[in-house]
Amino acid sequence: MKIAFPYMGTSHIAFKMLIRDLGHEPMVPPKLSKKTLTYGTQHSPEFACLPFKILLGSYLEAIEQGAELIITSGGSGPCRAGYYGVLHQKILQDLGYDTKIIVMESPYRNPFDFLGKIKSVISCSGVSWWTFIKVFYKAWEKLKLLDETEFLSHQIRPFECLRGETTKVFKECLNVIDESQTTEQIREARKLTQELLNNISQDHTRKVLKIGIIGEIYVVLEPFANHDLEVTLGEMGVLTHRSIYLSDWTRESTGYESKKNIIKAASPYINELFGGHGIYSVGHTVLYSQKGFDGVVQLAPFTCIPEIVAKTILAKVSNDFAIPVLTVFLDEQTGKAGLQTRLEAFVDLLGQKRAIQEGVVT
Amino acid sequence: MPTKIGIPRALSYYAYYPFWKTFFESLGHETVTSPLTTKHVLDNGIKEAVTDACVPIKLFHGHVCDLKEKSDFLFVPRFVSVCRERKVTFCPKFLGLPDMIKTSISGLPPLLDVRIDLKKGWAELFKVCVCLGKRLDNNLMEISRALNRGIKAQKRYEKLLLREFTPVEAIAMLEGNKEFVQNRDTRLKFALLGFPYTVYDKFINVDIINKLKKMGVKIFTTEMVPPKILLSQAKKVPKNLFWYFSNQVLRAALYYIDHVKVDGIIHITAFGCGPDAMVDKMIELEAKHRGPVPFMSITIDEHTGEAGLITRLEAFVDMLLLRSEMT
Ligand code: SF4
Ligand code: SF4
């Protein structure tokens, strides 16, 4: 069966392998583009959040290319994401497509549902549970490698001697990872990508600003949604640290890692899990400022409910800890140029603040 | 002097005011409510709330501004859940309401910001009330008596709603003001759906209810459906929404489509409302595939124009009248 899955950062590379290993034909949707967004916007409710629109557009493109099944994740917080699947399905139906969407809920919350859905996917290609566990683990390793690689690239980019080199090398790394199919190869790919990235010539005498990235998971993870924010900042000479990586999100929603610390940091301001990643945005901002970051960028889709609540509260956190926060609400009209200007202004501001602190400017 | 407790006329006001008013007054305190929404209230709200908030949240800020000078305590509860359904809670903006209010508005009296979570059953309400009563220096006896009275008042109120009075009318009737007569001479039946705070705040929705009534339309709202029946609609959709009020709206829509055979559905959505974007599309699709029942969605925002709305309503009503004459 031709199975499609949504884009979210670099994760499609791991999912592609997983689906192939399960005996199906993976179908990576066409690269996200203006067309995807136009498609999605056209068939979505006007005030749906940006991820909803991008995903819908991407599903439609995948279906045009022959996808027979779409697998997506559920999102467990009390937010709209939990209802995406249902509504996407209804909209597809209304448009006359009978492609099914399978929503994987977190196995931690609803193990039977999770296992049942997996069973429906593996049984029609005759894969055993044992094989499933093996290939799932392998895909997980790949996902982690993808995240590590990306993390490293953001560490290096602000120091690169030749602007743009990291991005080029990173693309190459993704190819290497994409090629690796066995556990052995993935291990080698890890070595190779690290080497490739570390070989980029860097200038560590540069003073760089440090910015933490927080906000709603999809727009934080997907460069198409945030107009390559981290690359843009990196190339302005800013070291970015992103609070969310898919592999730790997956781990968290599969019930491994506790987010106790972050919630604790947020607790003087808000003591209620209010959906999405809202409370984490607050907690991370507190933690970033304690770790000496110069500023924080909050990314959120326009009309994103929890992030609006978070924004209100961040105003106070920002005041109390003297850490500037730039909130960027993204929608289909957000342009790259406008965003770049706002980022430049923000970086300037942080630079001045740093200079004053260090007594360079009087 | 009795303590004055301010209850903003916004958000959960339309659903639970009689309970809280009776509760606080039986405890021997005075309650003050903010006036009906006006331009001034709205402007204050726009000024104080984050720009990206939805209109109802801005209105809440506005109503709080009105009360902050007039009250010793402000009642800004944190609604987490009021039913036993799993995973059902309130919109994140309800969950974070007290925190938002505290950070955005200065010079507030102390907030009574209790956490209302009745997931474990109604006994929790007693705890909530004890917590409130203690802060107001009341003893247990007084609290449990006030709680009982509150529940009774709320029951009377909900009975009136089931008799098809609007919350505004029902509250006035409980306060002994006047009897309202139901409009009998009607040509069409509409389901008018939305959150209680968008459907019944007649400033923000440009008094849509009366406009429709004048056009000879009989109005059915979410609150007029008995809770049990609402709940029984849940199985018609593959998955529940996470938000209490939104579930109520969607279920009411299903009920009115399938069982009352309304002539049309109007959904009032708030500009910038997250949950509504999903619900609105769901209702639209359900109305189309189950009915078909004609559907219209009206977005209310800071400057909903009266003229534009009337034109749209008239066109909708005319179209439906034409249809009913033809069949
Ligand atoms: S967190 Fe924001 S973007 Fe995600 S579903 Fe909720 S409203 Fe939409
Ligand atoms: S449900 Fe919608 S209108 Fe109500 S507070 Fe939440 S976002 Fe605002």
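We name chains A, B, ... by the order of the sequence lines, and we start the count at 1 in each one.
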**Request:** Evaluate the criterion side-chain contact (heavy atoms from CB on, under 4.5 Å) for residue pair K281(B) and F47(A); output intermediate values, then yes/no.
**Result:** CA-CA 10 Å; K281(B) 192 75 187 179; F47(A) 292 114; over 6 Å; no
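- A distance of 8.5 Å separates CD of E46(A) from OG1 of T269(B), quoted to the nearest 0.5 Å.
- Taking SG of C54(B) as the reference point, atom CD1 of I305(A) lies at 9.0 Å (rounded to 0.5 Å).
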**Message:** side-chain contact (heavy atoms from CB on, under 4.5 Å) for L285(B) and I91(A)? Distances and angles first, verdict last.
**Reply:** CA-CA 8 Å; L285(B) 294 177; I91(A) 293 176; 4.1 Å; yes
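- Residues M282(B) and Y83(A) have side chains in contact (heavy-atom distance under 4.5 Å, counting atoms from C-beta outward).
- Taking each heavy atom of A277(B) and A48(A) in turn, the nearest pair found is CB-N, 3.5 Å.
- Using a 4.5 Å cut-off on side-chain heavy atoms (C-beta onward), D94(A) and H289(B) make contact.
- Across every non-hydrogen atom of G96(B) and V309(A), the tightest pair is CA-CG1, 4.1 Å.
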**Request:** Given side-chain contact (heavy atoms from CB on, under 4.5 Å), test D52(B) with F329(A) step by step and report yes or no.
**Result:** CA-CA 9 Å; D52(B) 314 276; F329(A) 281 109; 3.1 Å; yes
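- Heavy atoms closer than 4.5 Å to chain A are found in the side chain of E286(B), but not in its backbone.
- With a 4.5 Å cut-off on non-hydrogen atoms, L241(B) touches chain A through its backbone and its side chain both.
- Looking only at distances, no side-chain donor or acceptor of R80(A) sits under 3.5 Å from a matching main-chain atom of M278(B).
- Not counting sequence neighbours, the partners of F52(A) by the ring pair (Phe, Tyr, Trp, His ring centres under 6.0 Å) test are Y84(A), H88(A).
- Contacts of V88(B) with chain A are absent, with no heavy-atom separation under 4.5 Å from either backbone or side chain.
- A distance of 4.5 Å separates CD1 in I313(A) from CG in D99(B), rounded to the nearest 0.5 Å.
- For the set K311(A), K316(A), Q93(A), K90(A), the count of heavy-atom pairs under 4.5 angstrom toward chain B peaks at K90(A).
- Heavy atoms of other residues, nucleotides or ligands lying less than 6.0 angstrom from NZ of K100(A) number 12 at most.
- Comparing D280(B), L97(B), N240(B), I57(B) by heavy-atom pairs within less than 4.5 Å of chain A, the highest count is held by N240(B).
- Atom NZ of K336(A) has more than 12 neighbouring heavy atoms from other residues, nucleotides or ligands inside a 6.0 Å radius.
- With a 4.5 angstrom heavy-atom cutoff, K288(B) touches chain A only via side-chain atoms.
- Using a 4.5 Å cut-off between heavy atoms, T299(B) contacts chain A through its side chain alone, with no backbone atom that close.
- Using a 4.5 Å heavy-atom threshold, the side chains of V50(B) and I308(A) count as touching.
- Taking NZ from K93(B) and OG1 from T312(A), the interatomic distance works out to 9.0 Å, rounded to the nearest 0.5 Å.
- The distance from the CZ atom of F271(B) to the OG1 atom of T303(A) is 9.5 Å, given to the nearest 0.5 Å.
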